Visitor: 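The structure under discussion is supplied below as structure tokens; questions concerning it will follow.
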Amino acid sequence: MTFTKLSQKQKTVFKWCYKGDYNAIICDGAVRSGKTICMITSFILWAMKSFDGAVFGICGKTVRSAERNIVMPLQTIVDITAYFKVTYTRSVNMLTVEGMGRKNTFYVFGGKDESSYTLIQGITLSGVFFDEVALMPRSFVEQAVTRTLSVEKAKLWFNCNPDNQFHWFYTDWILKADERNALHLHFLMSDNPTLSPAQLERAEKQFTGVFHDRYIKGLWRAAEGIIYEQFTNNVADFVISAVPRDIMYTAIGFDFGGNGSAHAGVCTGFTPGLRRTIALEEYYRKEIISPSVLYDDMIAFILRCQEQFNVYDIYLDNAETTLIRGFKTEIAKRKIPINVHNARKYEILDRIRFTNLLMSQYRFSVTEKCPHLIEAFQSAVWDSKQQKDVRLDDGNYNIDSLDAFEYSVEKNMKKIIEIGGLSD
């Protein structure tokens, strides 16, 4: 790709680092606003013009996400590849950029948890690019910033979509940008000149509730109240009585109960091309039962689903290893044709965003045979006592059916998002 048209804010991203007025730049705001690709391109160009033989950092939530969001797109940018040789060595997470008589090294780091700061200790960096900094722990970011203090001309590049207004990066960096000598640019989708009016209108419909405020309006806002607002306010739009005829295949998700929670299973179907996702059948039992009774119930649920649909996979709550072992033994003994997998258990917030995206695109339905799941979607709320985005799970809400549904779709989440979702 190449840059043929830039907005004023995007032009500023390319120019700020050469004037010497700021030590850092912060670009936050809406998705698809064109901030990320401009930032990483200008970061590399600045590094190659300002240093030779230096070491830099490129940070993502994980190394793999940084590779996907930064390294891979970087290798397709004509404005860089026309002048520099870009080589990525995945075994050591190292990007080498060479050309115009200069050569610099860019190490890729992942800041996924509080222990990640140890990965970046002891290295001197001439600059750091943080992709989605709001997803990284404070300790990791602060350690990376510290690694640049001994380099006189070092600069910092921060990119993120909004979180809640109490987030440490918002309070300590964005609100204190002047104190930190940082240039703050707030982006909206209208700042991306490559988006047509039709694309902007379509994007407006991609998210609901707090995610719409954050990802479309670019606001830092706390999650509160009902999680699935669109579903709750328009239940009739999502609940169906007849199963679509074009179900391509299905999968079962199962959440084991305990300590007052229920055993829950959901059989979910997908239409060709993963265009639609439909919750078809459910199992729900909250009383205390023995493992043998539970296995009988699970097998009866599988057989009931297999009588109607092509069901070959079940994804189980991987926290219950003893129950899983017993279940595998039972289905082998009874010769039940089902493949047993551990649920991937992506972060709950990622699963919530996924479901809200499907609902906003009207690509999700649930049959009347799933009353507990319907009730769970209607009643799920954010935990108002938490500063982070947390689904309330105090025993008064049916989180179990939600988990079971999410386990059934996790394998296809990324593909489904790519078909109709948004990214920056």
Side-chain angles (χ1 to χ4, degrees), residues 30-32 189 198-219 221-247 250 253 264 266-282 284 348-384 389-393 396-410 412-413 416-422:
V31 298
R32 294 296 303 279
M189 283 190 292
Q199 288 174 309
L200 291 173
E201 183 179 357
R202 176 173 173 267
E204 279 284 339
K205 302 175 182 178
Q206 297 291 303
F207 297 99
T208 60
V210 65
F211 299 115
H212 186 275
D213 286 347
R214 291 178 183 174
Y215 301 150
I216 304 301
K217 294 182 178 180
L219 302 176
R221 179 197 152 188
E224 57 185 3
I226 296 171
I227 293 178
Y228 305 102
E229 290 184 16
Q230 187 168 2
F231 185 95
T232 301
N233 296 333
N234 306 278
V235 176
D237 292 341
F238 298 96
V239 178
I240 58 177
S241 56
V243 175
R245 295 182 178 181
D246 60 342
I247 296 294
T250 63
V266 173
C267 178
T268 302
F270 306 91
T271 63
L274 300 175
R275 294 303 307 173
R276 292 184 63 199
T277 299
I278 304 101
L280 302 166
E281 295 274 352
E282 73 171 10
Y284 186 87
I348 293 176
L349 185 59
D350 290 336
R351 297 186 242 155
I352 291 173
R353 279 196 290 251
F354 166 79
T355 305
N356 260 310
L357 178 65
L358 277 184
M359 292 175 175
S360 68
Q361 296 175 345
Y362 288 96
R363 294 170 59 200
F364 169 78
S365 300
V366 53
T367 72
E368 295 173 343
K369 295 181 179 181
C370 303
H372 293 95
L373 180 61
I374 293 170
E375 184 272 335
F377 280 129
Q378 290 178 281
S379 62
V381 295
W382 297 107
D383 190 341
S384 61
D389 298 339
V390 178
R391 188 161 60 193
L392 183 60
D393 185 8
N396 295 316
Y397 298 87
N398 177 13
I399 303 302
D400 315 298
S401 292
L402 297 177
D403 283 338
F405 166 73
E406 291 159 359
Y407 297 160
S408 72
V409 301
E410 279 182 317
N412 295 304
M413 275 176 51
I416 292 172
I417 290 173
E418 289 172 0
I419 291 171
L422 284 175

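Hydrogens, waters and symmetry mates play no part in the numbers below; they use all other heavy atoms, side chains included. Everything quoted here is computed from the prediction, not taken from an experiment.
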Visitor: Could you check Phe377 against Thr232 for side-chain contact (heavy atoms from CB on, under 4.5 Å), going step by step and ending with a plain yes or no?
Guide: CA-CA 7 Å; Phe377 280 129; Thr232 301; over 6 Å; no
Visitor: For the residue pair His212 and Glu204, confirm or rule out a side-chain donor-acceptor distance under 3.5 Å.
Guide: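 There is such a pair between these side chains.
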Visitor: Could you walk me through whether Phe207 and Gln361 satisfy the side-chain contact (heavy atoms from CB on, under 4.5 Å) test, starting with their C-alpha distance in whole Å, then the side-chain angles of each, then the deciding distance to 0.1 Å, before giving a yes or no?
Guide: CA-CA 8 Å; Phe207 297 99; Gln361 296 175 345; over 6 Å; no
Visitor: For a 4.5 angstrom cut-off between non-hydrogen side-chain atoms, does Lys369 reach Leu280?
Guide: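 Contact flag for Lys369/Leu280 side chains = no.
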Visitor: Determine whether a donor-acceptor pair (N or O, by modelled atom type, separation under 3.5 Å) exists between the side chain of Arg214 and the backbone of Arg221.
Guide: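 Yes.
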Visitor: On a heavy-atom basis, which atom in Val210 and which in Ala223 lie closest, and how many Å separate them?
Guide: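 So the minimum-distance heavy-atom pair works out to CG2-CA, 4.0 Å.
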Visitor: For the CZ atom of Arg363 and the CG atom of Leu274, what is their distance to the nearest 0.5 Å?
Guide: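 If I round to the nearest 0.5 Å, the distance is 8.0 Å.
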Visitor: Could you check whether any side-chain N or O of Thr250 sits under 3.5 Å from a backbone N or O of Gly269, counting only pairs where one atom can act as donor and the other as acceptor?
Guide: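 Side chain of Thr250 to backbone of Gly269, a donor-acceptor pair under 3.5 Å: no, none is there.
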Visitor: Apply side-chain contact (heavy atoms from CB on, under 4.5 Å) to the pair Ile352 and Ile227, showing each step before the final yes or no.
Guide: CA-CA 8 Å; Ile352 291 173; Ile227 293 178; 3.5 Å; yes
Visitor: Looking at Ser401 and Asn398, would you say the former's side chain and the latter's main chain have a donor-acceptor pair under 3.5 Å?
Guide: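 No, the answer is negative, given that no donor and acceptor are paired below the 3.5 Å cut-off.
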Visitor: Would you say the ring centroid of Phe364 lies under 6.0 angstrom from that of Phe405?
Guide: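 For Phe364 and Phe405, the ring centres are under 6.0 Å apart.
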Visitor: What are the two closest heavy atoms between Arg391 and Leu402, and how far apart are they?
Guide: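 What the structure gives for the nearest pair is NH1-CD1, 3.8 Å.
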Visitor: How close do Ala264 and Ala404 get, counting heavy atoms only, and between which atoms?
Guide: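 It is O-CB, 3.5 Å.
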Visitor: How close do Pro371 and Glu282 get, counting heavy atoms only, and between which atoms?
Guide: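 Answer, listing the atom of Pro371 first, then Glu282: CD-OE2, 3.1 Å.
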Visitor: Who pairs with Phe270 by ring-ring contact (aromatic ring centres under 6.0 Å, His included), at least two apart in sequence or on another chain?
Guide: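 With sequence neighbours excluded, Phe270 shows a ring-ring contact (aromatic ring centres under 6.0 Å, His included) to Tyr249, given in chain and number order.
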Visitor: Going from OG on Ser384 to CG on Leu392, what distance comes out if it is rounded to the nearest 0.5 angstrom?
Guide: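 That separation rounds to 7.5 Å.
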Visitor: Checking side-chain polar atoms at under 3.5 Å, does Tyr215 have a donor or acceptor matched by the opposite partner on Arg32?
Guide: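 Per modelled atom types, Tyr215 and Arg32 side chains form no pair under 3.5 Å.
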Visitor: Say you draw a straight line from CD1 of Ile417 to CG of Leu358; how long is it, rounded to the nearest 0.5 Å?
Guide: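 Rounded to the nearest 0.5 Å, the CD1-CG separation comes out at 8.0 Å.
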Visitor: What distance separates Ile226 CD1 from Thr208 OG1, expressed to the nearest 0.5 Å?
Guide: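 Between atom CD1 of Ile226 and atom OG1 of Thr208 there are 11.0 Å.
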Visitor: Where is the tightest heavy-atom contact between Val31 and Met189, given as atom of each residue plus distance?
Guide: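 Answer, listing the atom of Val31 first, then Met189: O-CG, 2.9 Å.
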Visitor: Just by modelled atom types, is the Ile278 backbone N or O under 3.5 Å from a matching donor or acceptor in the Ser365 side chain?
Guide: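 Flag not set: sc Ser365 to bb Ile278 has no pair under 3.5 Å.
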Visitor: Please find out if less than 6.0 Å separates the ring center of Tyr284 from that of His372.
Guide: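 Aromatic pair counts; centres sit under 6.0 Å.
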Visitor: When rounded to the nearest 0.5 angstrom, what distance separates CZ in Arg351 from CG in Asn356?
Guide: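 With rounding to 0.5 Å, CZ (Arg351) is 14.0 Å from CG (Asn356).
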Visitor: Using side-chain contact (heavy atoms from CB on, under 4.5 Å), reason through Phe238 and Met359 one step at a time and then give a plain yes or no.
Guide: CA-CA 8 Å; Phe238 298 96; Met359 292 175 175; 3.9 Å; yes
Visitor: Nearest 0.5 Å, please: how far is OG1 in Thr268 from CD in Glu281?
Guide: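 It comes to 11.0 Å.
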Visitor: Is there side-chain contact between Val266 and Tyr407, with at least one heavy-atom pair below 4.5 Å?
Guide: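 No. Closest side-chain heavy atoms not under 4.5 Å.
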Visitor: Which atoms form the tightest heavy-atom contact between Arg202 and Gln206, and what is the distance?
Guide: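 Minimum heavy-atom contact is O-NE2, 3.4 Å.
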Visitor: Would the distance check show the side chain of Thr271 and the main-chain N or O of Arg276 forming a donor-acceptor pair, the cut-off being under 3.5 Å?
Guide: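 Yes: the side chain of Thr271 pairs with the backbone of Arg276.
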Visitor: Could you check whether any side-chain heavy atom of Tyr228 comes within less than 4.5 Å of a side-chain heavy atom of Asn233, counting everything from C-beta outward?
Guide: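 No. Closest side-chain heavy atoms not under 4.5 Å.
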Visitor: Restricting to ring-ring contact (aromatic ring centres under 6.0 Å, His included), what partner residues turn up for Tyr397, sequence neighbours left out?
Guide: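 Result, ring-ring contact (aromatic ring centres under 6.0 Å, His included) vs Tyr397: none returned.
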